[in-house]
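Protein chains get the first letters and strands the later ones, always in sequence-line order, with residue 1 at the start of each. Atom set for the values below is all heavy atoms of this structure, side chains included, hydrogens, waters and symmetry mates excluded.
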Number of protein chains: 2
Amino acid sequence: MTAPEKGARFVSSADVARLAGVSRSAVSRAFTPGGCVSPPTRARILAAAEKLGYRVNRLARILHQDRSDLVGVVGANFANPYISAQFDALSAELHRRNLQCLLLNTAGMAESSELVRLLDYRVRTVVLLSGAAPDRLMRLCAANGARMVLINRPAPPKGALADLILADSAAGGRLAAGRLAAAGCRHVAVVVSGSRTSAKRVRARAFCDEMTARGIPVTRWEKGPNSYQTGIDAARALLAGPGIDGIFGVTDEIALGVLNTARFELGLAVPGELSVIGFDDAPISDWSSHRLTTIRQSLPALTRATMEAIERPADAPPNRSDIPVELVERSSVAPARYKRRTDRT
Amino acid sequence: MTAPEKGARFVSSADVARLAGVSRSAVSRAFTPGGCVSPPTRARILAAAEKLGYRVNRLARILHQDRSDLVGVVGANFANPYISAQFDALSAELHRRNLQCLLLNTAGMAESSELVRLLDYRVRTVVLLSGAAPDRLMRLCAANGARMVLINRPAPPKGALADLILADSAAGGRLAAGRLAAAGCRHVAVVVSGSRTSAKRVRARAFCDEMTARGIPVTRWEKGPNSYQTGIDAARALLAGPGIDGIFGVTDEIALGVLNTARFELGLAVPGELSVIGFDDAPISDWSSHRLTTIRQSLPALTRATMEAIERPADAPPNRSDIPVELVERSSVAPARYKRRTDRT
DNA sequence: TTGTATGCGTTATCAC
DNA sequence: GTGATAACGCATACAA
């Protein structure tokens, strides 16, 4: 092992070759799975590499082979209970397949157009966990032959080279509406995060439509981001006076803000006086402190579909996979008064 | 904009040069902050680049300049409420400083030695959020002149080239002990995650020592990982019979598992019959559904120290920064019976 | 089996 | 201001 040196550059195959008394190609071959090297030299090379602390420079390899194992993952709000679980599963799975995760947290960017920076690192695929796909990014990916995977994002304008992973937001919204209706709610509200374009709006829209079809009035709250605080704010405003007896939070985090504020700040009995339903089925929603009834988008299914999309060959046609959604009964919604209608999907 | 082509490689500066009728060097200069290009040609180049969807290949730039803006971040358990918040803040801050985050989730690796793979991408710095630093990684970083930043990790054996960020775990453990003692607890327990080596053990150790010094017996529970489920298991076992009236979870997630199990499964009044205290001050600990009394390691302070370490020049001497810790009073611990002793630190 | 030569996309140096 | 050229570290086709 060499002593640490100041400003030292990374040790290269040339260094190893020198020490082992071979050529650089020999070193390269020794580190290439199918490389032809005689056992003795191979051993010498490996020993030298170990001694020097050599690691193959994959940047150079990518450059040469024009084939990258870097996957760009862009997201925001990684502290969100569902997103963090989703990201944890995805990143673990990426490494299991020997892919590297180059992460971009859009919260750190001034403009959303900044995220094309991922392409500067020759990622083979860009995965979008949240936020809308900027046109610019889509164009650049197309021009450079990089694939895109959009998770719960609206479909891109053209038939762009993007794989779509979509939980059935509309069905989820209807499920939520049906459940609150079955609980006997007479006047409900939906709390949407203010993000301009996303699956969350579809959830809310479907909820409203279904409620309208059932003749139940619905109030819409649409201020603030996808956060716990938004749930708090919404609950305070919506529950100031009597009237509303059911609330759908388009996200578990929002719904939990509503739930906790109703229970502990406003002193409302949930589900006695108010029913609350969420969307996601984040791990903490099942905690006994919450027991939030919610619409589940299965995390394993979502992760599986994402990995399939990522591993699709570069020239595969765009694909779309739908993740089914299901109602998870817990105890934040009043028991159904009548036998629940079959969902109309 | 070119049409998307199958198997297309990324567009290069040569492509742009060809279209703009200039040399590759001109293109390079047009994209270099201080580059000398006449306004007209510059405009032509930029137009050509935009048309083709060109982006500078930073892999090649790193290769040539021997200076990387890649920061390797290794961690696990990103669904943990504190870790996810920490990671969210860190990744956002990285991008704000124009650094890229190459993430490694050790949950996806067979062996911990696998994480040296980060060095294959010529990261300038490796940040360790969890897990121990394998010797191999430390050696390779040293040999290649890459810096390491260890967050709440035990100090490396030698005076290796690693920056240390350490919350005062010992003081935190003592604080927790003091608070439970003040609550009048007579027999307490500590729930440690089974990880072999980490700050969590120091927290538990200091807690035990302080309790012993006060003559209060402490039971130690040490099975399972750092998870909510571990808190559940511990609570079920520890609270099966009467006796224990105070529990310290070395992590908020663990403590919340204890708290919820005690309250909702075992029907214990918290803090009436049992006091529970955690460590971290994760965002959800402040939720009204929990109101967990805990030891805070300030996230902003932690992030600030981490960024300072990351931005230190490559040849700076190893540094150590200590993050103070403080007791956050909420309502999972019985009120202090006597005026609380000043902590002995 | 092994070494030589070439090219990947960039930037820096050097002429012009 | 501009273009040719070398070099970064690697993998490969080819020659030995």
Side-chain angles (χ1 to χ4, degrees), chain A residues 7-45 48-49 52-70 119-124 143-146, chain B residues 7-46 48-49 52-70 119-124 144-146:
Chain A
R9 32 156 57 81
F10 275 70
V11 5
S12 73
S13 68
D15 299 325
V16 177
R18 200 163 16 245
L19 180 59
V22 295
S23 70
R24 289 187 348 237
S25 353
V27 177
S28 173
R29 279 190 281 263
F31 283 95
T32 303
C36 285
V37 206
S38 74
T41 43
R42 175 188 202 78
R44 267 218 323 287
I45 292 173
L52 295 176
Y54 169 72
R55 294 249 87 200
V56 173
N57 185 341
R58 295 191 80 114
L59 266 35
R61 178 180 282 183
I62 292 172
L63 199 57
H64 180 267
Q65 296 188 339
D66 195 63
R67 181 164 45 97
S68 167
D69 56 357
L70 256 31
L119 289 173
D120 301 358
Y121 298 86
R122 292 334 187 221
V123 295
R124 39 172 279 173
N144 289 290
Chain B
R9 30 157 58 79
F10 275 71
V11 4
S12 75
S13 67
D15 299 325
V16 177
R18 199 161 20 242
L19 180 59
V22 294
S23 70
R24 287 182 353 231
S25 335
V27 177
S28 174
R29 278 191 282 262
F31 282 94
T32 305
C36 284
V37 207
S38 72
T41 45
R42 175 186 203 78
R44 267 213 330 284
I45 293 172
L46 259 45
L52 295 176
Y54 170 70
R55 294 249 86 201
V56 173
N57 185 340
R58 296 191 80 114
L59 265 37
R61 176 181 285 181
I62 292 171
L63 197 58
H64 180 268
Q65 294 189 340
D66 197 63
R67 178 166 46 97
S68 166
D69 56 357
L70 257 32
L119 289 173
D120 301 0
Y121 298 86
R122 294 330 189 223
V123 295
R124 39 170 282 174
N144 289 290

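The nucleotide whose nearest atom lies closest to any side-chain atom of Q65(A) is, among dT2(D), dT12(D), dT10(C), dT12(D). Counting only heavy atoms from C-beta on, R61(B) has its side chain closest to dT10(C) among dT10(C), dG1(D), dG9(C). When distances run from any side-chain atom of S23(A) to the nucleotides dT10(C), dG1(D), dT4(C), the shortest one goes to dT4(C). Closest to the side chain of A26(A), from the set dT2(C), dA11(D), dG3(C), is dG3(C). Ranking dT10(C), dT2(D), dC10(D) by closeness to the A60(B) side chain, first place goes to dT10(C). Considering only side-chain atoms of N57(A), the nucleotide from dG3(C), dG9(D), dT2(C) that sits closest is dG9(D). The listed nucleotides are dC10(D), dT2(C), dT10(C); the one nearest the side chain of V56(B) is dT10(C). Of the candidate nucleotides dT10(C), dT12(D), dT2(D), dT10(C) has the atom lying nearest to any side-chain atom of Y54(B). With dA4(D), dC8(C), dC10(D) as the choices, the nucleotide that has an atom nearest any side-chain atom of S12(A) turns out to be dC10(D).
For the pair D69(A) and R58(A), the salt-bridge criterion is met [side-chain N within less than 4.0 Å of a carboxylate O].
Remark: the S25(B) side chain and the dA4(D) base include a donor-acceptor N/O pair separated by less than 3.5 Å.
N144(B) places a side-chain N or O within donor-acceptor distance of the main-chain N or O of G53(A), the cut-off being under 3.5 Å.
Nearest heavy-atom pair across A17(B) and R24(B) is CB-N, 3.8 Å. The minimum heavy-atom distance between A49(B) and V16(B), with the atom names listed, is N-CG1, 3.9 Å. Closest approach of V11(A) and R122(B) over heavy atoms only: O-NH2, 3.6 Å.
Among the protein residues, S38(A) comes within range of the sugar-phosphate backbone only, with heavy atoms under 4.0 Å from sugar or phosphate atoms but none that close to a base. Within 4.0 Å (heavy atoms only), R67(A) reaches no atom of the nucleic acid at all. F31(A) comes within contact range of no nucleotide atom at all, as no heavy-atom separation falls under 4.0 Å. Heavy atoms of R29(A) sit under 4.0 angstrom from at least one base atom.
A side chain to side chain contact (heavy atoms under 4.5 Å, CB included) with Y54(B) is found for exactly one of I45(B), L46(B), V27(B), D15(B), namely V27(B).
For the pair R9(A) and dG9(D), the criterion of a side-chain N or O lying under 4.0 Å from OP1 or OP2 is met. Listed pair S13(A) / dG9(D) fails the phosphate criterion, with no side-chain N or O lying under 4.0 Å from OP1 or OP2. In this model, the phosphate group of dT2(C) is approached by a side-chain N or O of T41(A) to a distance below 4.0 Å at OP1 or OP2.
Remark: C1' of dC10(D) and CG of L119(B) are 17 Å apart, rounded to the nearest angstrom. R58(B) places its CZ atom 19 Å from the C1' atom of dG9(D), with the value rounded to the nearest Å. Remark: C1' of dT10(C) and CD1 of I62(A) are 15 Å apart, rounded to the nearest angstrom. In this structure, I45(A) atom CD1 and dT1(C) atom P are separated by 13 Å, rounded to whole Å. For the pair L59(B) CG and dT11(C) P, the computed distance is 12 Å after rounding to whole Å. The nearest whole Å value for the distance from the CG atom in D120(B) to the C1' atom in dA11(D) is 15 Å. For the pair F10(B) CZ and dG7(C) P, the computed distance is 23 Å after rounding to whole Å. Here dT2(C) presents its P atom at 11 Å from CZ of R42(A), a figure rounded to the nearest Å.
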